Each structure stands twice: as structure tokens, then as C-alpha cells.
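Below are the C-alpha cells for one structure; questions will follow.
A, B, ... follow the sequence lines: proteins, then strands. Residue 1 opens every chain. Because the structure is predicted, anything quoted here is derived from the model rather than measured.
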Amino acid sequence: MVESYRPKIGVYVCDCGINIASVIDVPAVVEFASKLPGVAVSREYTYMCSDPGQNLIKEDIANEKLNRVIVASCSPRMHEPTFRKAIREAGLNPYFLEMANIREQVSWVTVDHAEATEKAKKLVEAAVAKALLLEALEEKEVDVIPSCLIIGAGIAGIQAALDIADAGFKVYLVEKTPSVGGHMAQLDKTFPTLDCSACILTPKMVDVANHPNIELMTYSQLEEISGYVGNFKAKIRKKARYVDFDKCTGCGVCAENCRLAGRIPSEFDELIGNRGAIYLPFPQAVPAKYTIDPERCLQLSKGKCGKEGPACVAACGPGAINFEQEDEMVEIEIGTVIVATGFDVFPMEKKPEYGWAENDNVITGLEFERLVSSSGPTGGKPVLGRDKKGEGGYLPEKVAFIHCVGSRDKSVGNEYCSRVCCMYLAKQAHLIRDKLPEAEITVFYMDMRAFGKGFEEFYDRVRREGVRYVRGNPSEIYRKGDDHTVVVKVEDTLTGTPMEYEADMVVLGVGLEPRKDIREIIDLFKLSQSTDGFFLEAHPKLRPVDTASDGVFLAGCCQGPKDIPDTVAQAKAAASSALILMAYGKVKVEAMVSVVSPDECRGCGFCVEVCPFGAIELVEENRMGNIVQVAFVNEALCKGCGSCAAACLSGAIQPRSFKDEQILPQIAVLGVKP
Amino acid sequence: MSEEFEPNIVAFLCNWCSYAGADLAGTSRMRYLPNVKIIRVMCSGRVNPLFLLNALQQGADGVLISGCHPGDCHYLEGNFYARRRFMLMRKLLEHVGVDPGRVNMSWVSASEGAKFADVVEETVAKAKEAGPMDQFRRRQINW
Amino acid sequence: MMDESNPYLPYIVNIEDARYETPGDRAIKTFRVTFADDKVWDTWSHSPGNCAMVGRLGVGEAMFCISSSPTEEGYLRFSIMKMGKVTRALHELETGDTMTVRGPLGNSFPMEEWEGKNIVTVGGGIGQAPLRPVINYVRANRDKYGELQVIYGSRTSEDLCFQDELGEFMTESGTSCHLSVDVEEEKWPHFVGFVPNLLMEVSPSPENAIAVTCGPPIMIKFVTQNLLKLGFAPEQIYTTLEERMKCGIGKCGRCNVGHLYVCKDGPVFSYETLKKIPEAFA
Amino acid sequence: MVDEKKLQEKARETLIRDDVRRLIGWKRGTYGFEAAPAVVTDASQAEQLIFDATCVANPASFIAIEEKKPVPRGAEPDTRKVAVMVKGCDSRAVVQQLVEKAYAREDVVVLGIPCLGVVDRRKAEKLFGQTGAQVSAKVDKEKVALDIGGDVKTVDRSNILMDKCLRCRYPNPLVSDFLLGEEVEKWADDDFADVDEFEKMSPEDKWKHWDEQFSKCIRCYSCRNVCPMCYCVECVVSKLRPQWTRRSTDISENTVYHVQRAWHLAGRCIECMECQRVCPVDIPIMTLNRKMTRDVKEMFEYEPGVDVEAEPMLACYNPQDPEEYIM
Amino acid sequence: MGDYKFARDKLADVLTSLKEYQVFAPAAVGDVLRFKEVTDPANVSLDYDNTTVPPKELMFPQTETLFKYRLGSTEVEPSVPDASKKRMVFGIRPCDAHAYSIVDNLYGWDFADPYYQKRREGTTLVGLACAEPCANCFCPSVGGGPASEKGLDALMFDLGDAYYVNSLTDKGEEFAKAAGLEAAGDADAKAAAKQGEDALKKVARSIDTAGIPEKLPSLYDHPFWEQFSDRCLGCGICTFLCPTCHCFDIQDEAEAFDARRARMWDTCMFSEYSLHTSGHNPRPTRKERTRNRISHKYSYFPEKFDVIACVGCGRCINHCPVNIDILDILDKSKQAEAKEAKTA
């Protein structure tokens, strides 16, 4: 009826041909082991890992009723899975296996045979000591919900969404702003091929909107995420647009009639162009649905718009505008998550010496993109110094481009290289040369990095187009006199000559930074940041799109600066990683997870603090009628590293099969002098 | 004394880097002293500093904790916690009069078989220096 | 008797038979043991109710009642529930192994005084263990005692100890056996409910009777109340107490309830005695 | 200095509140140079409460070690607040207990007391011998005036205050809901000279010292129990599965006990010195704690018990942590 | 029996002459006094109040091996001390000797405890009367006194230039012979008696124990216990330092394959002390434990052996870190309104 609690241990010492037997006196070890407490059988065999070797174990389990198995052979990193499988087949829980590594760590490294034999005995004894206290563990598999949440609908999010949707899985694509497209939509041309960004991006934008497997949620935000790999629950806030999504035809009459039309700086145009209070971020925006900016809209902010009420309402044929609309909370269940939240460009406030704030002809690279974009505020002409109405202005004659603004710069805390600036500045220099053949163009750089496919060639081409490259990092940029001339104070580090270069347009090659709101995501997913502040991948080389949280993957610049091809490649990688889980439909959860003994827990939360996987939380526990806080392990998140156990003062939390009570006997055996 | 004194050392190696490194030392047939006996744990962050106290009490002449290089932890942070803990525990034991040479720590990656062999030699050397650990070793006092 | 010169020295006993009474985390295992040194039997004598420290060298000892009656000769029985360090270690032992015994310890049921009386035993779960010797003593001296009523219940039918014997009681003349389980089960022919209710169901007569009860503290409490309701006088009601014990011979202190050492003055007490000692019900 | 009448008045007010369960402070002891900690539950007991330079005990200890009786089925557990009077040093215990989630801030009412130092019983008894009389003591910036059963003695405070006071960095409570008495200015500092001094010793001498000290230990665990940070449900030293420390007293187990204790307080000890004060066999326990405190401060720029928001020292790290000895 | 004396400066010689004894006398370990085996008679001094740790450890060591064995074997080897080996506790205070005579009841009761008794039999107790009682002594209240002879084989009085020795038993006589003490005169005897009377007057604290043993049980549920237990730390000071506290734990210990079963001091103030394996604790909080400690000394023990298990040495008062003063408790218990303790 009840199986015995008495440990019956089988010890199997492997000769490994001569690898072990030629150094260690195996029979002596077998003999020694046979006398250890709890040991029922102790055997030698040439190759334990061979089928006959494994059968030896299986038979003994059957005949001798063994309930613990010790294999003294090669490293557990080599054959632990093999023997686990074997004893499982024999009907014993695979975690009743303990191995003694007497090949890699004894016979192969020890000169003196007697000493080697002694060490081997010790290791076997230690294994026995631990085996006495081994426990059965169950290996769980959880189902993976066949859907994926993608956060951020830039090119990375879009690409990942399309790949997963095409594979036939449900995708929820969540975008904070009213339109998909991200930064790529703001760009004019893309280096080095110079094809128009919009032309290659917009088709994909349309696809995500129409794809039957993709549920697009723009102007929406992830508020809560719980659960674990395969089984996440997410709460998403769909912010009120104040425009009925279904009724709006995107005709734009509302915007034309808005009392504030053209009087609000447009985020999409980097504030150099304007929009109304009801707006479409940009002409090709997807979805082509208008949105009311609640902060600026007179009706919403002041509660009153003109005498005869909001003109937009009157203008809107379908009657789509609805000021009563409220935020909507959507709850979804997904199996996997891809984080593709992108980047922010370096905020020039951090580098006042470049006079960006004061001088409207000192602009960032991204502002430049809007300036030269045919769909931009200036219709593609690099006109500067226009007045409020956007009239007048001049075309620059002397243009300076500055590299490494906010990158490779300790003083602003960004040591890293942003990887795209060298090339986008080269591209932009080319565009100026294109649009203003007469202009004098000078590029101030620190080092030229043209590592990508076709980059060097492009850089060469730009230089041949008469763009002057000066090696130097400007210390200061300031206005001279009252015309629009600004001086770039810089030292030519090749010739060592200081110079004050006068320009009437300066383009700052601003770098890429982690998003200001990156914390929100970190807190939601308990992700970590690498020193540069971007998301930390699970392994820099081998798991570049995985994170410490299973089932959560990274794509695009949120993991580090990238150009478009790299971003797309990573998006596809993230997609395939997510697909692996969803296609197989199941995921194994670690069996050697930590376990809490609630009666001993003091609820200090040290374990919660140290757990790298956010697997532990404090929960209420009724202790003889008194309510106390105790630690609780979410087994699906725990990886069994055991940091919690070392942090716990009372030993109330322990990783299964590496418990204190299992390790201490090993120490006792190995500690006492041979 | 010290010439025939062979110190006994208990080592705690993380499964992913150092234990693999030790295996590599084996597969590359490097030779090192047998004094060091290895206990495998999943992460150096698992090693409770009290283990080390316990080892010394049981009669170990020295201990070694080895993990992945900072930043390479399979579990991201474990070795950072370990580093703090053992730095402190070492100081504490030193204050009680335990030779700091008995408490050793190393970063050994899976590719550093040679380094592991060196670490072993050095650890043993330091323990030899310190002599037998009998300060608060468990003996059968007035048994 | 125990080595007078040194009551801390245990006897070595051989396990003749080890079997599980009940399954589960709190499994109960019964050991039938006999002294390694036969001569011990010459000086050994115990009575129903006596206890002994049962242990395993290298682990420790704990106090258990001797669940066999002196009338069962040539062996001792212990029924042990898997609880802590020591019991865990004892459960690892099997037929052919050895364990240690110090005893007999404590007082016992005044079987002589009870002669000529009807005996009612009310047991719950493992609480039947100390009652078993009483029952078997009475069965072995049938003529000396009146009617024997065995009232016994447990959580489920699986948790009933000594099932093999329970059947016998049903058929023996002068003996009746009433069983219960706490919750409804398939094919359970007997009473369903808690032991105190079963007691009221059976409602034995206090007339010239002695009631002995043992089980979880809470059960003892309610059984005692019900016995009083049935008209049993405090001095007709007996029970056994349990406390943490180390020495078993009234030295180490910890098992006191009021001025009484359970290991020495107990484990057997009449309600008459206990009602004066508030701590007995702590 | 604190006006006792005001203090008792505040205590009374607090005890009358129906959301307050008990108040922990001090009352005059039955004899000697130390006031007794007092746990009062009824406003009528408020007049027992005192504060003067004999109030050395750390009331915060008693918040954490209170044992909750099992709540009978059906009954509601008593979740009312606990009020506690704290000196500067004691208040650090409250802060650290909050860091370690021993209770929530709203579960306690903290009555803070600015403090000019408290009397060291041992120093006093060296000076005046043991007394059966009740003692009260007033302290100002220079002197301590002791009233030993009517006969008044005045001592230079550096000769009689606890060592912790002579290096006190936090004379004013770091956390409190009500401040009893005006803040006093910081008048001492801590250079850890004692730690440096001890470190000069050779390993042999260090061990010789501890060997003698630890062999005195009777393992009464008063140092553990009095510690405001030690309130684990089951302490590792008394655990049986697994058994870290044996109960038998010998130099091995005693040493391990004390090192374990010091280790478990690394980055948590708030220097109230209670452990050393209560030791019946005068083991200089703080020597170990202060070593940890100093090193934690130097190596990790960490100081426990000063910031409620702080992460526990051993539950956080800095990628730049020192590692000079690591191979 | 006999009256003897020896000159103050002959103390070392006296000790040296006690060759056949293993002599224990108060010695300083750091700042604290404790009874230690005399290695160098020259630095034994009897000018002390009392030791922090009582000499009970000489009969009942804090850790004591009951028997040894090899793991896996069934042979056990008891390590009972050898009574024939003569030991002497020299300069023990009357209260501590009195304590032995009280604890004897417990260890002699029913099963005799050989470990304790063998030591007792083999040991001669040479007491030293207290001329200056300490602040918290109350020995007279519990049947002792600064010059009490209870449990002693001989009692010494410090008369300044000489020690007057009054031998009380044959063992005491043996000691006098072995030490070759000279006979004392009436003057000395009178001086000693005088000193005893004066000392008695100097004892500052007291309690009338009449009625306490009978009353305490009636206070079982009385809230007054909480006034004390609320600030109790639950440490072992009061009990470990108490000369009459005798509780112990038993544990098996093993080094590799050598193992022993040993007993070590335990205290009813620890929660583990009475904790059941089931998790149920009959004394769940310090209230019950404090109550048990006091009741045991002043009610349970007297009920069993009709002597109070307290000798008034004042250690528990002196060393309690939170001023839980046993006299205060007893005093309160007398004032406390007896309530009918409720039972099941």
C-alpha cells in the first residue's frame, strides 16, 4: 500500500573504458560505496551511458526496489539527461538521480592514482549524502495561448506582427500614438539606397491594418500585464479619440474647420510644422482616422468652442465626433509578448552649448528629415527662418553637419555609439547637395563608421559630391551678429588648427536614446536595462532577442540603436522566437523551482528583491488567525537559480534539489579531512 | 608541519560557467591538485555564506566560490549578489581571526579551463600558507 | 525494568514486523519489536497505558504509548505517525532493522480497580493506539470485566488503525464496536460524523462504567463534555495526555502540566484530576 | 530634555485612541541604573511612563518580537496600531523594520524623543557599585546627574554614557509622528577608531581574543532576542531541519553562533548596542557588528536604518562593487 | 562538627595541600566570575560577591555526554562520571549550595539521575559565608541566609586576617584534615556568628512566601502576568543563571561516524521548549512561559517536593535585561485578585 520511506540507493561507478579506470581504482570505490548508509547496490560497469549500462540501472530499480540512483562517471553536464531519462523509464522519478563527476573532475585532472581514488570516494560519498535527501519533483508543461502581444508599431513591431499573423497566429499590435509607423514614417529617404522611406513603409502599415489576424490598437497603452510564459493577461487602455472610429471616413473636413487648424505644433513634424486640435498625424497615417487632442481642443479643455459650438461637429457629415467618448479598457490573453517600443532622439536640452534652443537654423537630424520630406511642412524645401504663418524664410548657403551629438559622449552619460548618425548625416549631406547644388557643406565628425552593406561606398560618393569632412568635435555653436549666421567653434584634430566655421544652417547628428518612458515597460515586465539604458537581452551573443522573462522578446531600437535592416532582421528573429512557443503550443516549466515554507517566512521580501525574474511576491497568509505577509513563488517564472535562498535569513525559501538540507550533508562529507 | 600538510578545500561552482570551466580543464587534460572538492550549484548566487562558515567548522581548511564573470550570469544578477556577500563574509571571518586566505572567490567562464586549474593551485597554496583550520573546527570537545 | 543504574540507556530492539496502518503524509506505521537481548524480558513488565521512548541512534527519541497489551506476550507494538525528525527516521525502518526503546515509562490505567466494570473506549485517529492495550487486556481477561464498548472514528475509513482487529470486536460476545468517519463515503455501512456525535449516538450507560478516551485535544474536550452529559462522573472518565518530552523520567522539565509531569505522573489521568489543572487543556 | 508630564500626557492621548492597541516606552525599574521597558495598554498606566538618561532599552525591539496569540475561529485578529517611544538610535530600528516590512508605517505611532545620551549600567556600577535603590539621571551637554535613591552624584558624561552615545550620529529620531521635546544638535561623531584599532591585531591575537570571549557564551540568546532586527519565525540557530548550529556549547558551536548572528545583521544592524548591553557574560558583541557596519559603509556606501525607501543591503548590488580579492 | 581556621595568607597553601581533590574555585574570565578548576592556587581569591554563572554547572554541565556510540552499531558506551574521583567546590556561596540540596530532590526522585548524583556524591562543598550581601539577595526569605549551612560540608567565614572554618559533615572533616587546618578558638566562632547575624540584617530585599504556592494556580488566567511577560525577551538568562533551574534538552550529535547522545541546558522561556511537532504549542506566548517559570519555582516544585525552587541569589534580577524582578512578580501575585481559573 504505502511505498517505503527507506532510501535504497544504487551506486554505479563507470570505467568509461579506460578514461576513469586507468587512473581510479574503480573496484575500491565500488567497495567503499557499498558500505555507505542507505546503499543497497554498488556496481562497476565499463560504459554506464551505453544501453547495457542503463539497463543495469533499470533492472536494479525493478528487482532491488531502488529509490535513489547515483552514477559516478562523467560530468552531469554531459549525461545527466541520459540517466534521468533512463530511471524515468524504469518508473522512478528522474530527480532521484545524483551524479558524481569522477572523470572531468578527477581522473582527467589528477596525476597521483591513489589521490584520485580517494577524491573519487569522497565525491561518491557526498553524492550519497545528498541522495538520502533528494525529493521527487514533477516536470510541468503549460499550454501556450496562440496569440502574441506586440508593443509599439514602428517598423519593428509592424514587421514582427506581419510575420506572426502570416504564420496564422493572432496578434494584438498596440501603439501609443494615433498612427502606426513610428520614427521610420518621419524619415525622408533611407541610407544608403536612398529609397523613399514612406514608399517602402506605407504598404506594410496598410497591411497591419487590414490583416485578419492582427488586431490593431492605436492610440492605446498597455496598463497591466500578469501571468507567465504562455499565459499572460494584459489590460490595455484605448484612449478616447472623441471621434467614432467606425463612422470617421478620414475625409479631413473636420480638421479644415477646426478653429485651431494650423496653430498647434505637430509632433510628427518635430514641431516645425503645425496641425489642428483635431488632426491626422500625417497624410498616410494608419488608421486614417482623426483624433482630437484633449489638451488643446477648446471644447474639451475649456468646455466651450466659439459661439456656435465646435465647427468640426457641424462639418462632420457622418457625425463621427463625440466629446462624451471615454477611455476603454480591453483585457486580452496572450501567450507571448514582443517589446518593440523603439527610441527617443537625444534631447538637445542636455547639450545647451550647441544653441539648439535659441537658433531655429540649428536643427536636429530628425527635424531635418521633416524639413526635406516632400510631405513635410515645407513641401521638401529646406527653407529656414519662416514666420509663424510659415511664410518667407531663406535657403541656406553654408550648411554644417555635426556628428556624435549625444553619442560617444560621457558628459551627457551616453558612452555608446548610436550606429546610424554617420550614415544619416552622409545621406542628409547628399540631400542638401541634391536640393542646393551651390551650398557649401561641411561635416564635422569624430570617427567615420561606415560598416554596413553599401555604407562605405555611399560615404565615398557623398565625399565625391563635394561634401567636406572635417575631423573635429565642436565645443560650441553660437549666433554671430544679428543675421542668421551661427559660428561652429571646433578644432580640426587632423591639422590641429582651431577654427570658427560660420554657417547659416547646422544639422546636429543626434543619437538614439532609450525612451523616456522605458520605466513603464520595465516595471510592467520586470525587464532589466544594460548599462546604456536600453533593454537587456538574455545573452549578448546567443539570446539577443530573448529577455530574462520567458515569452517576452525584444525587437528594434528598444534593445539598442539599429538601422532599419537590422531592426527588421531582429523583428523577424523575435517573431520566430515567439512562433516557436506558439507553434509547439506547450512550454516546459523548470522543475527545480524554489519553494516557500510559509510557517517560517518572516515576509521581509528580501527574496522578492533579489529574484531576477520577478517570480516571487508577498501574499497574505492566515497564521493561526493572524494575517501575515509571506513569500509566494510563481513556479512558471522561477528558474531555480536559488539566489532567494541565499538571501533568506531563516531559510524559509529553498530551491528544490538544491536545498540547504541537501547541500549541508555534502559539505559535511567533503569538509572532514580524508 | 606545512610541508606534509595537505589542505582540504570545499568549492562551490555555478553550473553554467565555473563548473563547465572545471569540466573543460578535464577535457583538456590539465593537471591540478586533488585537494579541491567541488559542490555544484546552479548559480553562485545560491551559495549561502553560512555554507562557507559550515565548511570551515566541519574541518575544511579553505573554501572557494566560483561563478560567471560579472555581467555573464546565466541568471543575470546572481554573481553580483554573491560578490557582495562573500566580500563581507570574508571580512567578518578575518575579524574573528580566520586567515582571509581561506576564503577564495573567482570568476571562471566555461571557456577558462586553464584559469580554473590556476585558481585551484592558488587556492591550495593560500590554504597551505594559512595552515590547518582548527580554530573553531568541530572536534569532540569534552566528549 | 529499565536499567536502574542509568535510565538514559536504551534497549536495542529488533523489528519483527513493520506495516503501515494508514497512508499519506501523516502515515501511521506499526512496528512489532522484541528485545535484542532476550534476558530483558525477564525483568520487563508493563501495563496498558505505559509509554516508552522509542528512537533511532543518530537521530533521537520520542515518547510513544505501548500499543500492545501485556497479555500479548513476546513482543511490543508501537504505532507511530509520521510527523517530525524522529518519526520520519523511524518510518524509514523496516522488518529486520533495529531501533531503541526506553521504558516502560509513566503510569498506566488502573485495570485492577476497573475489574467488574463495563469499559467504554472512545478513540479518534491515532488516539486508538493507547486504547488498544486496554481493549486487548479486557478481551484477554473477559471474565474479569463487564461489557466492552469500542467507539472509534477517524477522518476517512483509510485512516482507521488496527482495521484487522476491529472486525473481530464486532463478532465477539460482550464486545461491541461502533465506527465512524467524518465525511460521507461510498459503501460505508457505519456512522458518519465526528466521534463526540458517535458517542451520543451510542450513548453508553454510565452505570458501573469507566470511559477511556484518547484522540486529538479538541476531540477529547468534546467527548469529555458529552460523557458528562451522559451522566459519567469525572472520576469515571479517563484520558491520556501528550506533551513534548525528552527524558521521559520526570527530569528534563518540559512536559509538565501544572505540577504534574505527563511523562511520569501521566500519561493517564482521570478527568477528576485534570479538571483542577487549567494547563491540562492548554 | 523631555518634560515627563508632557510625555505622559501624550501617552495618555495616544492610549485613549481606539485605533491604538498598546504603547511601548520606559518606566522606572525596581532598582538600579537602567529603567525598565514598559508596555502599557491602558491610559491609566500612562503615569508610569518616564524618560531620562536611564532609559537605555530599545522599545522598538518589542514591536517585532511580540508573539501573537492564535486567534480563535470566528474571532477577528486585533490589528490596531502599536505606539512606540524612540530615541534617535531606537528610531533607526523602526526605519529598518519598515525597510524589512516587519509592519506597515500606518501600523505604528512613533513618539520621537531627542536624546543627549543614556547611562551605561556597567560604567555606573564601576563608579558607584551595584545599587538596590531606584536611580534617575538627568543629562546635559557636559554632565550626567544621577539621583541614586536620594543621593545625587554628578559625572562627566563621557565617563558614564553608553559608547554608542559617545559616537552618536542621530540624537534626533529619524522617523516620528510626534516629537516630544525640541531637537538637540548632533554633538558626536563616529570614526570607527575602535574597529581600526582591533584590526591592527594579528589573526592569532584576534582569535585568542574571541576564543576567550566565545567560550564564555552560555547561549541564552538574549543578544538575539533583544535585537530589534531578529524576529524570524524560526531562527537558523534553533532550526533542526537542517541543523546549522548544534545546541551543545563549545567553542565551535559558540563561534559559529556568533558569526552567524553577526552575518545576519550585516547591513541591518542599527547600532543600538542592545545585544552587548544584555549579555550576562560581557561578550563584546558589537565589535563584530561594528566591523560589518564600517565595511558596509566603506565598500557599499550603505547605512541601514536611515532611509525607509532603501533596498536591503544584501538584496541589492552595484555593478562596481569592490572585488579586489577575486581571482 | 569541628571548628578550624587558617590565616588569610595561607589560602594558597591550603589549596595546594588538597592534592587528592580536583578543586574548583571562583576565577575571573575576562570581566565575569565563574567556577573553574584551580590550576594555580596563587591566583585564587575569595574576595568576590558571587559568580555570574552559578556553580550548578559543576554538577549539571551545560553540555554533557550521556553515552557515545558508532553510527550503525548498536553498542552504546555510557559516560557516567566516576564518583570515586574526589572533587571540591571551594568558596561556594551558601545560596548555591542550598540550590544543590533543592535540586537533589528532582534528580533523586523516582528514576535516579546517575550523572548528577555521581558528581554530587564525589564532591565536597566548602562554602563561604557572605559578609556583604548583594543588592538583590533575598536568601532569608526562601529558607537560606548569608551564612546558611544547607547543603554544605563546611562553611568558611572571612574574618579579615583569617578564615574561620566550620566543618559540618564527615566530608567537611576530611577536608579540614587534608588541608591540615588548625583548630579555631571560641573568639573566632563568636566573630563568625556575629558576622552571620550582621549579614542577615544587611539583606535588603525580602518576600513573605507564605500562601504563594497555594495561590499561584488560582492566578492561572490572571492578566497581571502580562505586565511582566509583555516586556520579556524570551531569552534564557534568568533560567540559565538560576542555580535551581534544571531543565535540559537531549540531542544526538555525530562527527563522521562517532556519535553521542548529549543533554544540554534548556529553558522554559524558549518557545521551542514546549512546542509540539504538530505545531501546537501549549505555551504559545511569553505570558504562559513566564507564568510557568514562576509557578514552577513557587508552586509546582513545592507541591511535589515541598520546597520552593528558589534560593534568593538574585541572579535572575541582576541580569534580566528588562528588569523582570521575581520579587516584584511575587509581590504583585499576592495583591492580585484570585480568579477561578477556567478549565475545559
Side-chain angles (χ1 to χ4, degrees), chain C residues 2-10 12 26 36 53 55-62 81 83-87 98-100 105 216-217 220-222 224-225 242-261 264-265 271 274-282, chain E residues 66-67 69-76 78 80 106-107 109-116 213 217 220-221 245-254 257 259 261 263 266-268 272-278 280-284 288 291-292 295-296 299-304 341-344:
Chain C
M2 199 154 63
D3 179 347
E4 284 299 347
S5 70
N6 189 342
Y8 295 96
L9 296 183
I12 303 297
R26 293 281 166 93
M53 294 297 277
R56 184 172 163 185
L57 288 176
V59 182
E61 289 180 320
M81 182 185 272
M83 292 286 272
K85 189 175 157 209
V86 174
T87 50
T98 61
M99 50 191 205
T100 67
L105 302 170
I220 294 187
K221 194 169 151 194
F222 288 113
T224 313
Q225 287 173 6
E242 251 196 309
E243 289 294 343
R244 183 170 188 169
M245 298 179 189
K246 284 290 183 178
C247 71
I249 53 175
K251 304 277 182 278
C252 78
R254 70 184 29 64
C255 69
N256 74 301
V257 290
H259 67 280
L260 299 170
Y261 287 121
K264 185 65 216 130
D265 308 307
Y271 182 64
L274 290 186
K275 71 177 195 208
K276 301 193 197 80
I277 303 166
E279 191 165 24
F281 299 91
Chain E
L66 294 174
F67 54 81
Y69 54 90
R70 293 271 301 168
L71 281 183
S73 120
T74 55
E75 292 300 307
V76 303
V80 181
L106 186 278
Y107 283 113
W109 177 60
D110 194 66
F111 290 106
D113 184 301
Y115 300 87
Y116 174 88
Y220 184 80
D221 289 321
C245 273
H246 51 262
C247 292
F248 58 85
D249 189 4
I250 298 180
Q251 292 201 11
D252 285 40
E253 298 180 343
F257 286 97
R261 180 162 296 167
R263 71 171 165 196
D266 200 352
T267 159
C268 55
E272 308 92 85
Y273 178 79
S274 55
L275 179 69
H276 292 193
T277 330
S278 65
H280 166 72
N281 195 336
R283 299 181 200 127
E288 295 79 17
R291 178 181 63 207
N292 183 70
S295 304
H296 186 262
S299 174
Y300 305 158
F301 202 91
E303 164 101 31
K304 238 184 172 39
K342 54 175 178 310
T343 61

Part of E:Ser278 within contact of chain C (heavy atom distance under 4.5 Å): both

Polar side chain donor-acceptor pair, E:Asp113 to C:Asn6, under 3.5 angstrom: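 No - no donor-acceptor pair under 3.5 Å links their side chains.
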
If you count heavy-atom pairs within less than 4.5 Å of chain E, which of C:Gly258, C:Gly55, C:Gly253, C:Gly60 leads? C:Gly258

Does a side chain donor of either C:Arg244 or E:Tyr273 reach within less than 3.5 Å of an acceptor in the other side chain?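 Distance-only check fails for C:Arg244 and E:Tyr273.
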
Report the distance from atom CD of C:Glu61 to atom CD of E:Gln251, rounding to the nearest 0.5 Å.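 C:Glu61 atom CD to E:Gln251 atom CD measures 12.5 Å (nearest 0.5 Å).
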
Tell me, side chain or backbone of E:Glu75 under 4.5 Å from chain C's heavy atoms, or both, or neither? neither

Specify the closest pair of heavy atoms between E:Pro282 and C:Glu243, including all atoms of both residues, with the distance to one decimal.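 Taking E:Pro282 first and C:Glu243 second, the nearest heavy atoms are CG-OE1, 3.2 Å.
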
Check whether NZ of the Lys or CZ of the Arg C:Arg254 lies under 6.0 Å from the centre of the six-membered ring of E:Phe248 and within 45 degrees of that ring's axis. no

Say you draw a straight line from CG of C:Leu9 to CZ of E:Arg261; how long is it, rounded to the nearest 0.5 Å? 9.5 Å

Which heavy atom of C:Pro7 sits nearest to which heavy atom of E:Pro114, and what is that distance? CD-CD, 3.8 Å

Against chain C, work out which of E:Leu106, E:Leu66, E:Asp266 has the most heavy-atom pairs shorter than 4.5 Å and name it.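 Among the listed options, the one with the most contacts to chain C is E:Leu106.
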
Tell me, side chain or backbone of E:Tyr115 under 4.5 Å from chain C's heavy atoms, or both, or neither?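 The side chain, not the backbone.
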
Taken to the nearest 0.5 Å, the spacing of C:Leu57 CG from E:Asp252 CG works out to 7.0 Å

Verify side-chain contact (heavy atoms from CB on, under 4.5 Å) between E:His276 and C:Met83, making sure each step is shown before the conclusion. CA-CA 10 Å; E:His276 292 193; C:Met83 292 286 272; over 6 Å; no

Atom pair CG/OG of C:Asn256 and E:Ser295 - distance to nearest 0.5 Å: 9.0 Å

Please flag which part of C:Cys255 lies under 4.5 Å from any non-hydrogen atom of chain E: side chain, backbone, both or neither. neither

Would E:Trp109 and C:Lys251 satisfy side-chain contact (heavy atoms from CB on, under 4.5 Å), going step by step from the backbone distance to the final call? CA-CA 9 Å; E:Trp109 177 60; C:Lys251 304 277 182 278; 4.3 Å; yes

Distance in Å, C:Lys246 NZ paired with E:Ile250 CD1, rounded so as to fall on 0.5 Å steps: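 Interatomic distance, C:Lys246 NZ to E:Ile250 CD1, rounded to 0.5 Å: 7.5 Å.
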
Interatomic distance, E:Arg263 atom CZ to C:Tyr8 atom OH [nearest 0.5 angstrom]: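 So the gap between those two atoms works out to 4.5 Å.
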
Give, as side chain, backbone, both or neither, the part of E:Phe67 having an atom under 4.5 angstrom from any heavy atom of chain C. side chain

At their closest point, which heavy atom of E:Tyr69 faces which heavy atom of C:Gly58, and how far apart are they?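 The answer is OH-N, 2.7 Å.
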
Sort out for me which of E:Pro78, E:Ser73, E:Gly72, E:Cys268 touches chain C most, counting heavy-atom pairs under 4.5 Å.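 The answer is E:Pro78.
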
Go through the steps to decide whether C:Val257 and E:Tyr300 satisfy the test side-chain contact (heavy atoms from CB on, under 4.5 Å), and finish with yes or no. CA-CA 9 Å; C:Val257 290; E:Tyr300 305 158; over 6 Å; no

